[in-house]
Novice: 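A single structure is presented below for examination.
Everything quoted here is computed from the prediction, not taken from an experiment. Only this structure's heavy atoms are used, side chains among them; waters, hydrogens and symmetry mates stay out.
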Amino acid sequence: MRGGIAGALAAAVTPLQGGGSEVDDEAFAALVDFYAGAGLDGLLALGTTGEGILLTPKERRRTAELFFEAAARRLGVVVHCGAQTTRDTVELARHAAELGADAVAVIGPPYFQLDEEALFAHFAAAAEACAPTPFFLYEFERTSGYPIPLHVIERLRERAPNLAGLKVSDAPFERFQPYLIEGLSVFVGPEALIFAGMSGGAVGAVSALAAAFPDLVAKVVRSPSAEAADRLGALRAAIERFPRHSALKRVLARRGLPIREDVRAPLRPLTDEERRAVDRLFDEHRP
């Protein structure tokens, strides 16, 4: 294992208020206490579930600080620093390292279909900015718009001694499996693939479902089975019928946390009908 972190990590939501217009500083302590008490090993801040790409660099730095302070070394904190530009990515990665984050993760910049040379230069700059903090690539073709070529990863291993691994959110398993690279720590994104991924050498999972159901995910990561992973996959699919970010925040509120459903536009809140349906789903899967 490289990177010093493994096990069950929540792809944490970012508490917002004011209709999603500002970060809710007061909610972080309770959220992190909840994650720590549920048996998680860590969290990924500001990833896809954390709305990171929608926040300003200043908000992202503040959010990373709030998660790190609240975790108080009880949980590992990985900060996602992927941004649209290399400059912003580098500045965020440097800040996360200076903060003391356990690792930095970066997704390929969305929108432009970058060639291998541009993508390599982008990742190399981010890895150098946070060195020696462990650096993870975030592979999610559906979100970035393209996969990270395996050749880029091999080149980066030669350039960046702090390259520790990947979070891989591609599915089905045929698209996931090529990223199970010997010598790199791989985290599974899709809950339905936890058993297959960990059987193939993955060191844990970074799960959006764990943002609201951390206890369920931690249990499966501790004792993976095909049946348990399938159950998590079914629950994740049920959540995906709704605006995911709002739905996860609604579940957290139902679990007694001071988390509003507020999300950053263009993400949208739940309708009244959707809120009732999410409540029924939570009641069916109440831990």
Novice: Taking C-beta and beyond as the side chain, do L54 and V263 meet within less than 4.5 Å on heavy atoms?
Specialist: no

Novice: For L193 and P172, work out which heavy atoms get closest and say how close.
Specialist: CD1-C, 4.2 Å

Novice: Under 4.0 Å between a Lys/Arg side-chain N and an Asp/Glu carboxylate O for K249 and E51?
Specialist: yes

Novice: Are D283 and R280 within salt-bridge range, i.e. N to O under 4.0 Å?
Specialist: no

Novice: Which is it for Q113 and Y146 under the side-chain contact (heavy atoms from CB on, under 4.5 Å) test, yes or no, and what are the steps along the way?
Specialist: CA-CA 7 Å; Q113 193 81 22; Y146 51 85; 3.1 Å; yes

Novice: Write down the atom of I53, the atom of G82, and the distance for their closest heavy-atom approach.
Specialist: CD1-O, 3.7 Å

Novice: For E65, is there an ion pair with R61 - N to carboxylate O distance below 4.0 angstrom?
Specialist: no

Novice: So, does E191 use its side chain to make a donor-acceptor pair with the main chain of L209 at under 3.5 Å?
Specialist: yes

Novice: Would you tell me whether Y138 and T143 have side-chain atoms, one donor and one acceptor, within less than 3.5 Å of each other?
Specialist: no

Novice: Is there a donor-acceptor pair closer than 3.5 Å between any side-chain N or O of H122 and the backbone N or O of T85?
Specialist: no

Novice: Please tell me if the side chains of P110 and Q84 come closer than 4.5 Å, counting only heavy atoms from C-beta onward.
Specialist: yes

Novice: More than 12 heavy atoms of other residues, nucleotides or ligands under 6.0 Å from CD of E128: is that the case?
Specialist: no

Novice: With a distance cut-off below 6.0 Å to the six-membered ring centre and an angular limit of 45° from the axis, does R254 pair with F282 as a cation-pi contact?
Specialist: no

Novice: Which heavy atom in P190 sits nearest to a heavy atom in D170, and how many Å separate them?
Specialist: CG-O, 3.6 Å

Novice: A quick test of your reading: do over 12 heavy atoms of other residues, nucleotides or ligands sit less than 6.0 Å from CD of E26?
Specialist: no

Novice: Given E261 and S246, is the side-chain hydrogen bond (donor to acceptor under 3.5 Å, both in side chains) satisfied, shown in steps?
Specialist: CA-CA 5 Å; E261 295 171 37; S246 300; 5.8 Å; no

Novice: Would you say that L75 contacts F67 through its side chain, given a criterion of any heavy-atom pair below 4.5 Å between the two side chains?
Specialist: no

Novice: Give a yes or no on this: more than 12 heavy atoms of other residues, nucleotides or ligands lie within 6.0 Å of atom CZ of R142.
Specialist: no

Novice: Do the non-hydrogen side-chain atoms of V217 and D215 ever get within less than 4.5 Å of each other?
Specialist: no

Novice: Taking everything shown except R175 itself, do over 12 heavy atoms lie less than 6.0 Å from its CZ?
Specialist: no

Novice: Among L184, V186, L150, exactly one meets side chain to side chain contact (heavy atoms under 4.5 Å, CB included) together with Y179. Which residue is that?
Specialist: L150

Novice: What closest approach, in Å, do G189 and R236 show between heavy atoms, and which atom pair accounts for it?
Specialist: O-NH1, 4.4 Å

Novice: Is it the case that atom CZ in R87 sees more than 12 heavy atoms from other parts of the structure closer than 6.0 Å?
Specialist: no

Novice: Got a sec: does the CD of E154 have more than 12 other heavy atoms crowding it under 6.0 Å?
Specialist: yes

Novice: Just wondering, do R260 and R250 contact through their side chains at under 4.5 Å, heavy atoms?
Specialist: no

